Structures are given as structure tokens and as C-alpha cells.
Amino acid sequence: MNTNSTLLLSLLIFSTLLHSSLSDLCNPNDKQVLLKIKKALNNPYILASWNPDTDCCNWYCVACDLTTNRINSLTIFSGDLPGQIPAEVGDLPYLETLEFHKLTNLTGPIQPSIVKLKNLKFLRLSWTYLSGSVPDFLSQLNNLTFLDLSFNNLSGSIPSSLSKLQNLGALHLDRNKLTGPIPDSFGAFNGQVPSLYLSHNQLSGKIPPSLGNMDFNVIDLSRNKLEGDASFLFGINKTTQQLDVSRNLLAFNLSKVEFPTSLTSLDLNHNKIFGSIPTQLTSVDLQFFNVSYNRLCGQIPVGGKLQSFDNSTYFHNKCLCGAPLAGCK
């Protein structure tokens, strides 16, 4: 090979290496943390693209900030991922989104090192086999706008400190094994009022009256062991769209309730609710409605959407009558 050919080959190799180094935008510290996470998870197939010789900003399940090129999103979902959440997730300081979703072999507690992620806005750890308690330290993640811990095996009580999360838009603790009462502090969220999903647990006791101070967009307390009054959750001046307290042990007089005209879905089935259905409900544009399996009496008011539902909406009450049920005597 002559001198010119050697020089040309050298320039080509140098150019390739230079281009490779310039195109690798990923922060080297972030890359090392991600490789440790991969190793801790036993190098699963879902993370096969996590090759140390390539730019980690292009790896599957990962995203980088377009300005700083720091890892700001880690979303691992729908894969075979046995083991626990690696402690190293807490070593990605610019992380804004963290998601472990539909990973049925993921076990253990919620990783304590998550508390270090002060920039975190979106946290979803759902549809896994995570166990243990809902940790109190989550209340320190002040930038959270979304918290989803649903469909797990979490147990124990709900920490009252979660009401300190001022920017929270939605709180999902449904489909777990949580016990004890709903925290009274959930009637005093410091900032934004989050949509509240607490269904399919084993929560007991009375719903704190303080929740009546909140204007929830969505509140789902269904399939628990809650008892007593729930009428204060309603109010004609509220903007609630969906309210579900079905399959509890609630007992209150429905006749005296004033409903938000914003309601689109109302589910009260399988309780001990008494009285009659208020005429005011004829002015509410309900898309879903169920008061079955209660102790209601009297004629179903005529008008609005109330006759558009079939008899399953109303059956198994004490003495409700009128369309779509049998006529009143």
C-alpha cells in the first residue's frame, strides 16, 4: 500500500471515530447508570439495545432532553423482567418520567432511592407484583404531577403526607390491598386537587368529611368497606365529572343530595342508600348511572337521561317504581 493510500485510510478511520464520538450525545455518567440497571435486571431481552458502544439516547425505553442530552425518561413496560427495581434508578438526577408497567415478575418494595429524583414529574409503577407499603417518602417528590401505583400487592395504610404534593393531577392507588381509613388530609390537598382513585382495596371506616372541601374531577372509592355518609362529596357548585362509591357499606339520604350539573358518571350501586331519587338529576347529562342494590323508594323522576337507562340501573331497591321499572301503584 502506497503512502497516499495509507494516509487516506488513516483519515477515513479518524473521521469515522470522530463522527462516532460526536454523535454519541448521551452523558457518560447516565450511560454507566443505565448499564448498571441492565445488569441488575439480569440483562433482559427487552433491554437488548442497551449496547455500551452506541448512543444511549437512542436506546429502547430511554429518552434524553433535547438541550442537555441528560436522560429524562425511563419507561420499561410489557416485558419479562424478574427481580426488583434496581437502586440505581435513583442515580439518574434529571429523570422526569419513571415507568415500570405491566411487568408481572417485578417484585419487592418500592425502591427507596426514588426519593433522590427531585425532578420527577411522572411516576408509574403499575401492574406488577410490588409489595410492602406505599412509602411516605413519595411526598418529598414535589414536582410530581402523576402518581400511579395501581394493580400491585401494596398493603398497609395510605400515608397522609401524599396531600403535600402540590402539583399532583392524578393519584392512583387502586387495585391493591390497602387497609385502614382514607386520610383526613385528603380533604386538604395543598395545591391542585388530583383525580382520586382508591377503588378495589380494603379501606374501612367513614369517608372523612374533609373530602367535601375538595372539588375532585374524578373520585373513585368503589369496592372497599367504607361506611356512613358520602353525601358531602356532592354539591351543586362543584365541577366533578365522575363519582363512584359503589360496593361499600354507605348509608345516607339521597333525597337531600344536590348534584353537580357537570356529572357524566355516577355509580352508587350495592350500598345502603335510602330516600328517593331527586328530581334535580333530570337536569344532569349523565352518560352512566347506577343506583341498584340500595334501599331507595318512590317514583323515578321523568326527564333528562333517567329513562334512557335500563332496569338494571334501578333494580333491587326497596320500592322504586316508574319507567324503566314497573309503574307506581
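Since this is a predicted model, take the numbers as computed values, not measurements.
- Checked by atom type and distance alone, the side chain of Asn51 never pairs as donor or acceptor with a backbone atom of Ser49 at under 3.5 Å.
- Side-chain contact between Val134 and Ile110 is absent, with no heavy atoms from C-beta onward closer than 4.5 Å.
- Of the N and O atoms on the side chains of Thr313 and Asn290, not one donor lies less than 3.5 Å from an acceptor on the other residue.
- Between Pro86 and Ser113 the shortest heavy-atom distance is O-OG, 4.5 Å.
- A salt bridge links Arg70 with Asp30: the closest approach of a Lys/Arg side-chain nitrogen to an acidic carboxylate oxygen falls below 4.0 angstrom.
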Item to check | Lys206/Glu227 under side chain to side chain contact (heavy atoms under 4.5 Å, CB included): CA gap, chis, key distance, verdict | outcome: CA-CA 5 Å; Lys206 295 183 177 181; Glu227 58 189 50; 4.3 Å; yes
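- Taking a 6.0 Å sphere around OH of Tyr94, one finds it holds 12 or fewer heavy atoms contributed by other residues, nucleotides or ligands.
- Put simply, the side chain of Asn271 never gets that close to the backbone of Ile273: no donor and acceptor are under 3.5 Å apart.
- Residues Asn217 and Thr240 are not in side-chain contact: their nearest non-hydrogen atoms beyond the backbone lie 4.5 Å or more apart.
- Other residues, nucleotides and ligands place more than 12 heavy atoms under 6.0 Å from the NZ atom of Lys118.
- Tyr197 and Phe189 are members of different hydrophobic clusters when ILVMFWY side chains are connected at heavy-atom separations under 4.5 Å.
- Linking ILVMFWY side-chain heavy atoms closer than 4.5 Å, directly or via other members, places Leu325 and Val291 in a single hydrophobic cluster.
- Closest heavy-atom contact between Asp215 and Lys238: OD1-CB, 3.4 Å.
- Applying the ring-ring contact (aromatic ring centres under 6.0 Å, His included) rule to Phe216 yields no partners; only residues at least two apart in sequence or on another chain are considered.
- Side-chain atoms of Asp244 and Val218, non-hydrogen and from C-beta on, never get closer than 4.5 Å to each other.
- Residues Asp220 and Leu196 have side chains not in contact (no heavy-atom distance under 4.5 Å, counting atoms from C-beta outward).
- To the nearest 0.5 Å, atom CG of residue Leu198 and atom OG of residue Ser150 are 11.5 Å apart.
- Under the ring-ring contact (aromatic ring centres under 6.0 Å, His included) criterion, Phe315 pairs with Tyr293, sequence neighbours left out.
- No donor-acceptor distance shorter than 3.5 angstrom exists from the side chain of Asp55 to the backbone of Asn58, with no hydrogens or angles considered.
- Side-chain atoms of Asn224 come within 3.5 Å of backbone atoms of Ser222 as a donor-acceptor pair (strictly under, hydrogens ignored).
- Checking Thr239 against Ser262 by side-chain atom types alone, no donor-acceptor pair falls below 3.5 Å.
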Item to check | Steps toward side chain to side chain contact (heavy atoms under 4.5 Å, CB included) verdict (Ile158, Leu203) | outcome: CA-CA 9 Å; Ile158 299 172; Leu203 301 174; 4.0 Å; yes
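- The two atoms that bring Pro52 and Lys31 nearest to each other are O-NZ, 3.0 Å, heavy atoms only.
- The list of salt bridge (Lys or Arg N to Asp or Glu O under 4.0 Å) pairs with a residue in residues 290-310, not counting sequence neighbours, reads Asp285-Lys305.
- The main-chain N or O of Arg124 is never found under 3.5 Å from a side-chain atom of Asp148 such that the two would form a donor-acceptor pair.
- With a 4.5 Å cut-off on side-chain heavy atoms, Trp59 and Leu34 count as touching.
- Counting only N and O atoms by type, the side chains of Asp184 and Ser210 include a donor and acceptor under 3.5 Å apart.
- Residues forming a ring-ring contact (aromatic ring centres under 6.0 Å, His included) with Phe252 (at least two apart in sequence, or on another chain): none.
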Checklist entry - Asn69 and Asn27: side-chain hydrogen bond (donor to acceptor under 3.5 Å, both in side chains), yes or no, with the steps? => result CA-CA 7 Å; Asn69 298 313; Asn27 180 276; over 6 Å; no
Item to check | Candidate pair Ser161 and Asp136, rule side-chain hydrogen bond (donor to acceptor under 3.5 Å, both in side chains), full reasoning | outcome: CA-CA 7 Å; Ser161 59; Asp136 185 71; 2.5 Å; yes
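- Under the 4.5 Å side-chain heavy-atom criterion for grouping Ile, Leu, Val, Met, Phe, Trp and Tyr, Leu81 is not connected to Phe151 through any hydrophobic cluster.
- Side-chain N/O atoms of Thr104 and Trp127 include no donor and acceptor closer than 3.5 Å.
- Ser255 approaches Pro278 most closely through the heavy-atom pair O-CG, 4.1 Å.
- Residues Leu286 and Ser265 share a closest heavy-atom pair of CD2-N, 4.2 Å.
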Item to check | Derivation of the side-chain hydrogen bond (donor to acceptor under 3.5 Å, both in side chains) call for Ser126 and His101 | outcome: CA-CA 5 Å; Ser126 61; His101 177 59; 2.6 Å; yes
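- Judged purely by atom type and a 3.5 angstrom limit, Asn153 has no side-chain atom pairing as donor or acceptor with the backbone of Asn176.
- Under a hydrophobic clustering in which Ile, Leu, Val, Met, Phe, Trp and Tyr are joined whenever their side-chain heavy atoms come within less than 4.5 Å, directly or via other members, Phe137 and Leu173 fall into the same cluster.
- Contact of the Phe122 side chain with the Glu99 side chain is registered, since non-hydrogen atoms from C-beta on lie closer than 4.5 Å.
- Looking at heavy atoms from C-beta onward, Phe288 lies in side-chain contact with Asp267 at the 4.5 angstrom threshold.
- Formation of a donor-acceptor pair under 3.5 Å by the Asn317 side chain with backbone atoms of Asn294 is found in this model.
- Put simply, the side chain of Asp174 never gets that close to the backbone of Asn201: no donor and acceptor are under 3.5 Å apart.
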Next on the checklist: Please evaluate residues Asp91 and Lys116 with respect to the criterion salt bridge (charged side-chain N to carboxylate O under 4.0 Å, His left out), reporting the C-alpha separation (whole Å), side-chain torsions for both, the decisive distance (0.1 Å), and the verdict.
Outcome noted: CA-CA 8 Å; Asp91 296 329; Lys116 295 190 289 182; 2.8 Å; yes
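- Under the ring-ring contact (aromatic ring centres under 6.0 Å, His included) criterion, Phe100 pairs with no residue, sequence neighbours left out.
- Sulfur atoms SG of Cys26 and Cys64 are positioned 2.5 Å or more apart.
- In terms of modelled atom types and a separation under 3.5 Å, the side chain of Asn269 and the main chain of Ser292 share no donor-acceptor contact.
- In this structure, the side chain of Gln307 engages the main chain of Ala323 through a donor-acceptor pair within 3.5 Å.
- Distance check, rounded to the nearest 0.5 Å: OG of Ser139 to NZ of Lys164 gives 5.0 Å.
- Note: the hydrophobic cluster containing Phe309 does not contain Val302 (ILVMFWY, side chain heavy atoms under 4.5 Å, direct or indirect links).
- Applying the ring pair (Phe, Tyr, Trp, His ring centres under 6.0 Å) test to residues at least two apart or on different chains, the pairs with a partner in residues 217-244 are Phe234-Phe259.
- Counting heavy atoms from C-beta outward, Leu92 and Ile37 have side chains that approach closer than 4.5 Å.
- Nearest approach of Leu141 to Leu117, heavy atoms of both residues: CD2-O, 3.4 Å.
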Checklist entry - His172 and Leu147: side chain to side chain contact (heavy atoms under 4.5 Å, CB included), yes or no, with the steps? => result CA-CA 6 Å; His172 289 262; Leu147 176 57; over 6 Å; no
Checklist entry - Stepwise, does the side chain to side chain contact (heavy atoms under 4.5 Å, CB included) test hold for Asn152 with Arg175? => result CA-CA 7 Å; Asn152 285 299; Arg175 306 268 181 171; over 6 Å; no
